Each structure stands twice: as structure tokens, then as C-alpha cells.
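The model shown is predicted, which means the values in this text are computed figures rather than measured ones. Every heavy atom of this structure was used, including side-chain atoms; hydrogens, water molecules and symmetry mates were not.
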Amino acid sequence: MTIFFPDVSHWKAGINLTGAVAVMAKATEGTSYLDPAYAGFKAQAASHGSVFVAYHFLLAGNAAAQAAFAYSKVGTTPLCVDVETRILPNGSLSNPSIADLLTFVDAYRSLGGTVWLVYLPSWYWAQAPFNSASLQPLIDRGLLLWSSHYVAYSETGQGWNAYGGMKPTIYQYSASTPFGGQPLVDFSAYKGTVAEFALLVSTGRANKVGR
């Protein structure tokens with residue numbers, strides 16, 4: 001069995017999450033940004049019985065401070081770390097490194113937070129500062145990879161291919177799926193049941209399918 005679900009931020013405020021078996025929603029970014037739609041997404045997911053996961057958009061530097069801020073807003077809700085390029089308000093680029101990611105994860109867990117998922121697209125992993133590095137440090141921490149590749153979904157599609165020594169557990173296959181009254185919604189796939197997904201995000205225990 002494969003389940004499919006949206007991930008959202010304030011850009012999709014007003015979306016109707018009816019029918020979503022799971023929801024990933026942006027919570028925080030950097031050391032001070034709280035997504036204004038986060039609380040509403042969380043409440044709506046709870047009303048529908050959807051598995052809910054927050055995500056933090058990681059910026060380069062100050063990773064421990066970012067972890068503290070994210071934990072202060074997310075608390076016991078399972079968290080995913082989003083690692084990719086961000087264009088900052090001054091026009092410069094933020095490209096978090098593997099050291100930033102590991103520092104964030106270690107600090108977040110030390111605070112009592114739950115984080116098992118890392119959204120790290122292969123295109124970002126292949127460029128500086130990752131430079132196609134081994135992802136063994138993520139494996140050592142029990143982290144699970146969420147990839148992206150935007151093509152028609154396939155159970156054997158490129159988004160399931162391993163990189164850095166890790167095989168994706170979640171695959172974001174679309175940024176343009178109509179859902180909940182919105183024409184362009186990010187959608188991802190997980191090879192397993194809703195119950196297995198709920199266990200995954202809370203304990204890091206992936207099901208055997210696709211591993």
C-alpha cells in the first residue's frame with residue numbers, strides 16, 4: 001500500500017484538508033519566523049484525524065538557536081527538517097550544510113523534540129555545500145530521507161533512488177496537484193499504511209517496504 005499526502009505553508013492558507021490522511025505543515029524558519037498558518041493547519045488536521053508533522057526550514061548558521069526556537073513553537077509534535085536553498089530578503093542565498101543539519105538535529109533532540117525526517121532533495125545534496133557527501137551521519141542518527149523529483153508518480157520512479165548511501169522513505173513527486181480548493185499543492189508518497197506512517201514520524205521506525 002502507498003499513501004499520498006500534501007505538505008503546506010502559509011502560501012496554501014485556506015486549503016481544505018478534508019481527505020488528507022497526513023499533513024506536513026511549515027512551522028518555523030531560522031530563529032524567529034513562525035508560519036502564520038501553522039496553528040490553523042494543525043487544528044484542521046486534528047479535526048480530520050490526519051497524521052500531522054511540522055517542518056522547520058533550516059537556514060545556514062545558528063543551528064542550535066534554530067532548534068531552540070523551533071522546539072519552543074512545535075513542542076512534542078513530530079518535526080521534519082527542510083534542507084534546501086533559501087533566497088533571503090537581502091537577496092543573498094542561505095545554503096545550510098550537513099554540519100548545520102546535524103547540529104540542529106542533536107540540539108532539537110536534546111531539548112526533548114522528536115525529529116526523524118529530513119527533506120533533502122537530491123539536487124541540493126549534489127551541490128555545495130553538501131557536494132554529494134555521504135549521508136552516513138544521518139543514518140547513524142536514525143534519520144530518514146524525504147526526496148523530491150517532479151514527474152508522474154511511479155512506484156519505481158527516480159524519486160525512490162538512493163543517494164549519499166540513503167534510500168528515500170518519502171518521495172515528493174509533485175508541486176502541482178490540485179487539492180482542497182487549491183490548484184498547485186505539493187504532494188508526497190510513502191510506501192506503507194497510515195498507521196505505519198504515524199509510527200514512522202513519532203519513532204523513526206520505517207516499514208520494510210522499499211528499504
Side-chain angles (χ1 to χ4, degrees), residues 7 9 22-35 38 41-42 51-86 88 92-148 162-172 188 190 196-207 210-211:
D7 66 89
S9 71
V23 178
M24 298 272 194
K26 183 175 181 178
T28 51
E29 178 177 328
T31 59
S32 60
Y33 179 81
L34 174 65
D35 192 293
Y38 172 70
F41 290 142
K42 185 176 182 180
V51 178
F52 184 79
V53 182
Y55 72 85
H56 174 80
F57 200 109
L58 185 67
L59 300 183
N62 300 314
Q66 291 186 65
F69 174 69
Y71 182 70
S72 74
K73 302 302 180 184
V74 173
T76 59
T77 299
L79 184 81
C80 171
V81 189
D82 187 336
V83 185
E84 55 186 311
T85 298
R86 165 66 83 204
L88 299 175
S92 65
L93 299 181
S94 171
N95 290 304
S97 67
I98 192 167
D100 290 323
L101 170 59
L102 299 178
T103 297
F104 180 95
V105 168
D106 292 345
Y108 196 80
R109 287 175 169 175
S110 74
L111 294 168
T114 299
V115 56
W116 297 105
L117 298 177
V118 176
Y119 178 78
L120 176 64
S122 60
W123 63 263
Y124 186 80
W125 163 80
Q127 68 180 29
F130 273 74
N131 295 313
S132 302
S134 168
L135 297 179
Q136 186 62 45
L138 279 66
I139 297 171
D140 293 342
R141 287 165 172 78
L143 293 166
L144 302 166
L145 184 62
W146 179 9
S147 73
S148 67
Y163 49 96
M166 290 187 78
K167 189 171 180 63
T169 299
I170 301 173
Y171 164 26
Q172 185 182 88
S188 295
Y190 169 70
E196 288 170 335
F197 184 74
L199 183 66
L200 175 86
V201 301
S202 61
T203 70
R205 289 175 51 194
N207 72 312
R211 294 204 300 169

Could you go step by step and tell me if F104 and V118 meet the side chain to side chain contact (heavy atoms under 4.5 Å, CB included) rule? CA-CA 11 Å; F104 180 95; V118 176; over 6 Å; no
Quick one: are T114 and V201 in side-chain contact, heavy atoms under 4.5 Å?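 No - every pair of side-chain heavy atoms lies 4.5 Å or more apart.
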Could you check if a side-chain atom of L120 sits within less than 4.5 angstrom of a side-chain atom of M166, using non-hydrogen atoms only?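 Not touching, per the 4.5 Å side-chain cut-off.
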Tell me the salt bridge (Lys or Arg N to Asp or Glu O under 4.0 Å) pairs involving residues 59-79, sequence neighbours left out?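 Of all non-adjacent pairs touching residues 59-79, none passes salt bridge (Lys or Arg N to Asp or Glu O under 4.0 Å).
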Could you walk me through whether Y33 and D35 pass the side chain to side chain contact (heavy atoms under 4.5 Å, CB included) check? CA-CA 6 Å; Y33 179 81; D35 192 293; 4.1 Å; yes
Is there any salt bridge (Lys or Arg N to Asp or Glu O under 4.0 Å) pair reaching into residues 117-129, and which pairs are they, with sequence neighbours excluded?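 Sorted result for residues 117-129: empty, none.
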Using the ring pair (Phe, Tyr, Trp, His ring centres under 6.0 Å) rule, take F52 and Y38 through it: C-alpha gap first, then chi angles, then the decisive distance, then the call. CA-CA 11 Å; F52 184 79; Y38 172 70; 5.8 Å; yes
Are any non-hydrogen side-chain atoms of Y124 and P129 less than 4.5 angstrom apart?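 The answer is yes, as the side chains (C-beta and beyond) meet within the 4.5 Å cut-off.
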Looking at A107 and A64, what are the two nearest heavy atoms and their distance?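 Scanning both residues completely, I find the closest heavy atoms to be CB-CA, 4.0 Å.
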Could you report the tightest heavy-atom contact between A70 and H56, atom names first, then the distance?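 Minimum heavy-atom separation between A70 and H56: CB-ND1, 3.8 Å.
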Residue list, side-chain contact (heavy atoms from CB on, under 4.5 Å) with L88, at least two apart or on another chain: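 Counting only residues at least two positions away or on another chain, L88 forms a side-chain contact (heavy atoms from CB on, under 4.5 Å) with L59, R86, N90, S92, S94.
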Contacts of type side-chain contact (heavy atoms from CB on, under 4.5 Å), residue T31, not counting sequence neighbours: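 If we apply the side-chain contact (heavy atoms from CB on, under 4.5 Å) test to T31, skipping adjacent residues, the hits are N62, A65, Q66.
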Test of understanding: with side chain to side chain donor-acceptor pair (under 3.5 Å), list the residues that count as partners of S148, not counting sequence neighbours.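 Result, side chain to side chain donor-acceptor pair (under 3.5 Å) vs S148: Y119.
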If every non-hydrogen atom of S122 is compared with every non-hydrogen atom of Y163, which pair is closest and at what distance?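 Of all heavy-atom pairs spanning S122 and Y163, the closest is N-OH, 3.5 Å.
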Hey, can you tell me if Y108 and Y71 have their rings parallel, tilted or perpendicular (30° and 60° cut-offs)?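 If you compare the ring of Y108 with that of Y71, the planes turn out perpendicular.
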Value rounded to 0.5 Å, distance of CG in L144 from CG in L117: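 Answer for the CG-CG pair, L144 versus L117, is 6.0 Å.
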Is there a side-chain contact between T85 and Q127, using heavy atoms and a 4.5 Å cut-off?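 They are in contact (side-chain heavy atoms under 4.5 Å apart), so the answer is yes.
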Using the salt bridge (Lys or Arg N to Asp or Glu O under 4.0 Å) rule, collect all pairs that involve residues 118-143, keeping only residues at least two apart or in two chains.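 Every salt bridge (Lys or Arg N to Asp or Glu O under 4.0 Å) pair that includes a residue of residues 118-143, provided the two are not neighbours, is D106-R141.
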Interatomic distance, T169 atom OG1 to W146 atom CH2 [nearest 0.5 angstrom]: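 Here the interatomic distance stands at 12.0 Å.
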Trace of the side chain to side chain contact (heavy atoms under 4.5 Å, CB included) decision for S132 with W125: CA-CA 5 Å; S132 302; W125 163 80; 3.8 Å; yes
I98 versus P137, closest heavy-atom pair with distance: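 Looks like CD1-CG, 4.3 Å.
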Could you tell me the separation between the CH2 atom of W116 and the CG atom of L79, rounded to the nearest 0.5 Å?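 Rounded to the nearest 0.5 Å, the CH2-CG separation comes out at 13.0 Å.
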Does either side chain, that of D100 or that of T103, offer a donor lying less than 3.5 Å from an acceptor on the other one?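 Result is no, nothing qualifies.
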Distance-only, no hydrogens or angles: does the S202 side chain make a donor-acceptor pair with backbone N or O of L199 under 3.5 Å?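 Such a contact is found between S202 side chain and L199 backbone.
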Evaluation steps, side chain to side chain contact (heavy atoms under 4.5 Å, CB included), between F130 and L135: CA-CA 9 Å; F130 273 74; L135 297 179; 4.2 Å; yes
Calculate, to the nearest 0.5 Å, the distance between atoms CG and CD belonging to D7 and Q172 respectively.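 Result: 5.0 Å between the selected atoms.
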Rounded to the nearest 0.5 Å, what's the gap from CE on M24 to OG on S9? Could you check?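 Rounded to the nearest 0.5 Å, the CE-OG separation comes out at 14.0 Å.
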Separation between OG of S134 and CD1 of I139, rounded to the nearest 0.5 Å: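 Those atoms lie 6.5 Å apart.
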If you take all heavy atoms of A27 and V74, which pair is closest and at what distance?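 Of all heavy-atom pairs spanning A27 and V74, the closest is CB-CG2, 3.7 Å.
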Kindly give the heavy-atom pair with the smallest separation between E29 and F69, and that separation in Å.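 Between these two residues, the closest heavy atoms are O-CE2, 4.3 Å.
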